[in-house]
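Below, all heavy atoms of this structure are taken into account, side chains as well, without hydrogens, waters or symmetry copies.
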Amino acid sequence: IPLGNSPVSNLYLAVLPGLDRVFVTVVESSQVKIINGATNTVEQTVQLTVRPRLIAANPVTNRLYMALEGTPGKVLVMDGTNGLVIATIPIGSTAAGEVAVSQSLNRIYVTSNDPVTGLWSSVLTIIDGATNTVAGTVTLPDAAVRVASDATNGRVYVGAAEPASTVWVLETASPASTNADLSALTLSSGTLSPVFAAGTTAYTASVANGANAITVTPTKADANATIQVRVNAGAFSAVTSGQASGALALNVGLNTVDSK
């Protein structure tokens with residue numbers, strides 16, 4: 001597939017299979033070529049003002065992440081559906097190196113190096129793909145050179161070449177939830193009053209005198225949230241979102257059920 005450029009020595013590729021598109025960073029011309037996988041032709045050329053280098057794709061969000069050449073380090077975010085630049089994220093004083101994407105966590109992992117000395121940094125930068133901001137950093141014992149992510153187990157693998165050849169395995173976790181709301185709440189017996197609303201945190205319900213237990217079915221609003229319930233100030237127990245809790249024993253009279 002001709003790219004329409006003079007001979008170049010630096011090309012990096014990423015694929016979005018859901019869009020049947022291939023993205024090629026042409027470093028020397030500061031361009032991104034978008035190839036139509038159905039026709040094997042270049043259907044769009046995006047001209048940038050800074051040279052893009054290594055590139056990684058998130059096939060879930062259809063976004064591309066490119067390490068930009070030079071300092072301070074930056075990562076460019078592109079919408080794979082139309083080739084528009086969404087954001088440019090600063091990552092620190094050293095140049096962005098390799099880029100890897102965790103599609104299950106929507107996180108991007110970036111190594112960096114000093115273009116003057118050629119030395120790699122021991123700091124791995126973690127970008128939140130939802131907000132396009134730096135979520136944190138991890139400092140490794142050795143210089144972080146290569147990085148890859150496993151979408152199945154959520155782990156990140158970082159290759160270090162200095163001072164010894166080592167591969168570091170990082171155990172990752174889902175981002176903490178910032179939304180404690182429920183999207184739904186039902187009872188096995190009785191009717192909530194007032195009617196459920198996400199912003200309402202206190203309800204009452206009445207059950208028949210003979211009822212000695214009840215279950216609640218809470219549904220979380222945030223995919224990363226967890227839910228626990230208890231009755232009458234007892235121990236909290238975990239509940240799967242959208243499924244009934246275990247039986248909550250009731251006393252005659254007033255009972256208090258808490259969810260968090």
Side-chain angles (χ1 to χ4, degrees), residues 16-19 57-63 65 77 79-81 86-87 100-109 126-136 138 149-156 169-260:
L16 287 176
L19 300 178
N58 187 334
V60 175
T61 61
N62 286 326
R63 290 186 175 183
Y65 299 89
V77 186
D79 186 338
T81 64
I86 296 173
V101 172
S102 171
Q103 62 190 59
S104 58
L105 298 178
N106 196 13
R107 286 180 172 179
I108 301 88
Y109 301 87
I126 304 171
I127 294 172
D128 184 342
T131 62
N132 291 325
T133 58
V134 173
V138 175
S149 174
D150 188 324
T152 301
N153 62 27
R155 290 175 179 165
V156 176
V169 183
L170 305 183
E171 195 72 58
T172 61
S174 297
S177 171
T178 58
N179 181 356
D181 289 344
L182 296 177
S183 62
L185 178 63
T186 59
L187 309 176
S188 59
S189 178
T191 303
L192 291 176
S193 177
V195 175
F196 173 80
T200 302
T201 58
Y203 301 90
T204 61
S206 297
V207 297
N209 185 61
N212 57 15
I214 192 173
T215 64
V216 298
T217 303
T219 303
K220 59 189 179 182
D222 188 318
N224 294 317
T226 58
I227 306 175
Q228 294 179 312
V229 298
R230 70 177 182 181
V231 62
N232 295 327
F236 277 101
S237 59
V239 181
T240 301
S241 177
Q243 297 185 19
S245 68
L248 303 171
L250 300 178
N251 301 322
V252 175
L254 181 65
N255 294 267
T256 301
V257 177
D258 299 309
S259 173
K260 71 173 184 177

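No option in Leu254, Val257, Asn251 other than Asn251 meets the side chain to side chain contact (heavy atoms under 4.5 Å, CB included) test with Asn232.
For the residue pair Gln243 and Pro218, the shortest heavy atom distance occurs at O-CD, 3.9 Å. Taking all atoms of both residues into account, the shortest heavy-atom contact from Ala57 to Val101 is O-CB, 3.7 Å. Nearest approach of Pro17 to Pro59, heavy atoms of both residues: CD-CB, 4.2 Å. Taking all atoms of both residues into account, the shortest heavy-atom contact from Leu250 to Ile214 is CD2-CG2, 3.9 Å. The nearest pair of heavy atoms linking Pro194 to Ala202 is CD-O, 3.9 Å. Across all non-hydrogen atoms, the minimal contact from Gly129 to Ile108 is CA-CD1, 3.7 Å.
To the nearest 0.5 Å, atom CD1 of residue Ile126 and atom OG1 of residue Thr133 are 12.0 Å apart. In this structure, CG in Asp128 is found 7.0 Å from CZ in Arg107, a value given to the nearest 0.5 Å. Atom OG1 in Thr200 sits 10.5 Å away from atom CG in Leu185 (nearest 0.5 Å).
For Ser188, the side-chain hydrogen bond (donor to acceptor under 3.5 Å, both in side chains) partners at least two apart in sequence or on another chain are Thr215. The side-chain contact (heavy atoms from CB on, under 4.5 Å) test applied to Ser241 returns Thr219, Lys220, Ile227, not counting sequence neighbours. Ala205 meets the side-chain contact (heavy atoms from CB on, under 4.5 Å) test with Leu187; sequence neighbours excluded. Remark: Asp150 pairs with no residue by the salt bridge (Lys or Arg N to Asp or Glu O under 4.0 Å) rule, at least two apart or across chains. Remark: Val77 pairs with Arg63, Tyr65, Ile86, Ala87, Ile89, Asn132 by the side-chain contact (heavy atoms from CB on, under 4.5 Å) rule, at least two apart or across chains. Under the side-chain contact (heavy atoms from CB on, under 4.5 Å) criterion, Arg230 pairs with Phe236, Asp258, not counting sequence neighbours.
Ser237 has its side chain within reach of Val229: a pair of non-hydrogen atoms, C-beta onward, lies under 4.5 Å apart. Counting heavy atoms from C-beta on, the side chains of Val216 and Ser259 never come closer than 4.5 Å. Side chains of Phe196 and Leu182 form a contact here, defined as non-hydrogen atoms less than 4.5 Å apart.
Formation of a donor-acceptor pair under 3.5 Å by the Asn62 side chain with backbone atoms of Val60 is not found in this model.
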